[in-house]
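Just below is one structure, and these are the notes that go with it.
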There are 2 protein chains.
Amino acid sequence: MPIDKKTTTIQDVARLANVSTATVSRALSAPDRVSETTRARIAEAIRATGYTLNQAGRSLRQRSAKTILVALPDIRNPFFSSILDAIEREAAGRGFGVLVLNLYFGHETIRRLQDFLLSNRADGLLLLDGSVDMHMLRNLTGAAGSIPLVVACEEIPNSGFHTVLTDNVEAADRATQHLIDLGHRKIGHLVGPDHNIVSRERLIGYSRALARANLPALPEWQLRGNFDMESGFATAARFMALSDRPTAVFASNDESAIGFLSGLRNYGMMCPRDVSIVGFDDLGVAPHYAPPLTTMRQPRETLGRMAAEALIDLVEEPLSLSAPIRIVLRSELVVRESTSRVASIVSPQPEEIVAS
Amino acid sequence: MPIDKKTTTIQDVARLANVSTATVSRALSAPDRVSETTRARIAEAIRATGYTLNQAGRSLRQRSAKTILVALPDIRNPFFSSILDAIEREAAGRGFGVLVLNLYFGHETIRRLQDFLLSNRADGLLLLDGSVDMHMLRNLTGAAGSIPLVVACEEIPNSGFHTVLTDNVEAADRATQHLIDLGHRKIGHLVGPDHNIVSRERLIGYSRALARANLPALPEWQLRGNFDMESGFATAARFMALSDRPTAVFASNDESAIGFLSGLRNYGMMCPRDVSIVGFDDLGVAPHYAPPLTTMRQPRETLGRMAAEALIDLVEEPLSLSAPIRIVLRSELVVRESTSRVASIVSPQPEEIVAS
DNA sequence: TTGGTTTATGCAATCGATTACACGCGGCCA
DNA sequence: TGGCCGCGTGTAATCGATTGCATAAACCAA
């Protein structure tokens, strides 16, 4: 029960154990350089004083904070938060702390990023967003002696940064192919935000699958959205307004798929009876939605873990001047009930109900 | 474009501006104690050298890290992650960093908490979990000169800690009352984990509403679960096995409600036709579920923000030896389509389909 | 003009831990 | 026996910023 008025320092331990502070320090960070008996005496003194190391002192001297900075566009998004979770676990296992930073963009955010990195509060940056300006990043991490950086989830093309991601083109292709395999010939796509790399890649994969199967790729079947439920919901109205409607839709993520289905219900459209839909991400709710969602599952935990691993490796072993790391993970198609074989040609038309 | 081989320190700035380091330091932290002209010279020197402050140095001297530690049971849970989001915003606005820590419990976790707090890496603890041992916490934060602590979301009864939460009993009462108002007389409850305070409080609110309305409170209508979708799903089977089934259910959170509904569908039960259900939390998916979920919306953003505010106030103004802060927020009932008036006495029974 | 106050700045100690260098000692080999 | 090695330890400098105290200059009131 060491209730200390003032913090106990390494000095206190040294005094009690009758050694110098240097020896105490060594006993902690390089135990084999200290004799058995001294080590025991120090251990006892530490217990007696209730000493805990002051990280600020160590950081100052060693120029490392045992902390990584994770910058992400939206913590609330379950996709990111589960990656963050995996990152935290990995970091914890290796004795690193995790600072989180919301990226809203604008100058303020960049300044904050800079502050954290250049002020020795974090030893490396794990970036879960590809839309940060590449040159700015290079300036930031290149300055002040090369701060380790790993970009995860999204890619910054031609940047040469270390990257851990999934192959979105290939996965989108496979998702679309699944619909093709079910006999669908008219396949739409809920596109993500314009500027977003991931959304562009998924569009490419979708187009590639259609092209390979010689299927029509009508521009009006590419319904633009924003990766969130609200925009998926809004998209449903535009979908219903189409004169020639797809029988299946590949949504660029689960959230937009869910919003879309929610919107379609207001028109009396049933999934998969009237429209098959395949999503992306396999959110927690996907297996319990109505209907359970067919979706591409990204290995989120693996992704977060490997990204954290890579970053911490870089932090601990800064000698890596070799080629940039590039880890590409494979997503897995999870077939549930939101996709089915295309209905016979003369399927019953849904009642046309006005949206609420 | 200050590409620095070695970090630039306050010394470099001082040299260039022809002043002492003391003056540079003051120019940064107490600008009004430095003359107009000197300040300008220093500002210029800072720009020229690309100086950024070394937080480790400052922390060491000032014994404060400008960082708070947020400890939570599960980052992936959208409920927590949106609170975390609000916390981060508030902290960012006040110049504080946010360290996150997953609590898995067991000795390891406690040790990590301790490390962070006692090592000067964090100035205060924001705890989003009521199940941490109170005495241990008091030891931790009481030792080493009183580390500020705010408990949010959940309460640690009789602990006297500063707390920000919602009134779960009252909200659960109101949710149940909503079902009563719709004419339901047989109302079940998906109970959360036993040891969890929140889940206990919601059970109390449920019971209170039933008692007030003189409605039966059969023990077998309290279906135990775990706050997650899987357990909600599993609960559906037990529900179906009941000889006398409730016509409405108050679920202790949205996730279990969703899992439960998902399970019920396998038995051909329709919501709200056969069972009305009200959830808790208003997760993002709630308005877009099928059916859209009636639920109690907790003011998550407000809660996170206020908790962060309170904690940072305490960190910055440690003189508060007054009464513990206690902020109780009110939740809001959001009525959607998962609840409806009770069906007429002789409602058509659902086909009994075997669960898949 | 004088004594006192304010303002702007510098000097140097300090925060707590790490680590380069040095030293003493025992053992080993030639 | 002398020289060398390596182990265990201590001494003291160091990391970068802050701050108590001192001082000089400027200002003001009498």
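Chain letters run A, B, ... following the sequence lines, proteins first, then strands; residues in each count from 1.
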Practice task
At under 4.0 Å between heavy atoms, which parts of nucleotides 9-18 of chain D does protein reach? Answer with one letter per nucleotide, 5' to 3': B base, S sugar-phosphate only, - none.
Solution key: BBB-BBBBSB
Exercise for the section: For A:K66 and C:dT18, give me the distance from atom NZ to atom C1', rounded to whole Å. Expected result: 15 Å
Handout entry: Main-chain N/O of B:T163 paired to B:R326 side chain as donor or acceptor, under 3.5 Å
Key = no
Please table the atom pairs, donor to acceptor, closer than 3.5 Å between any side-chain atom in residues 113-120 of chain B and protein atoms at least two apart or in another chain.
from, atom 1, to, atom 2, distance (Å)
B:D115, OD2, B:R111, NH1, 3.4
B:S119, OG, B:D115, O, 2.6

Handout entry: Sub-4.5 Å side-chain heavy-atom contact between A:E316 and A:F96
Key = yes
Exercise for the section: Check whether any side-chain heavy atom of A:F161 lies under 4.5 Å from a side-chain heavy atom of A:L137, and answer yes or no. Expected result: yes
Problem - Atom-pair distance (CD1 on B:I42; P on C:dA8), nearest Å - result: 12 Å
Problem - Pair A:D85-B:N102, side-chain donor/acceptor within less than 3.5 Å - result: yes
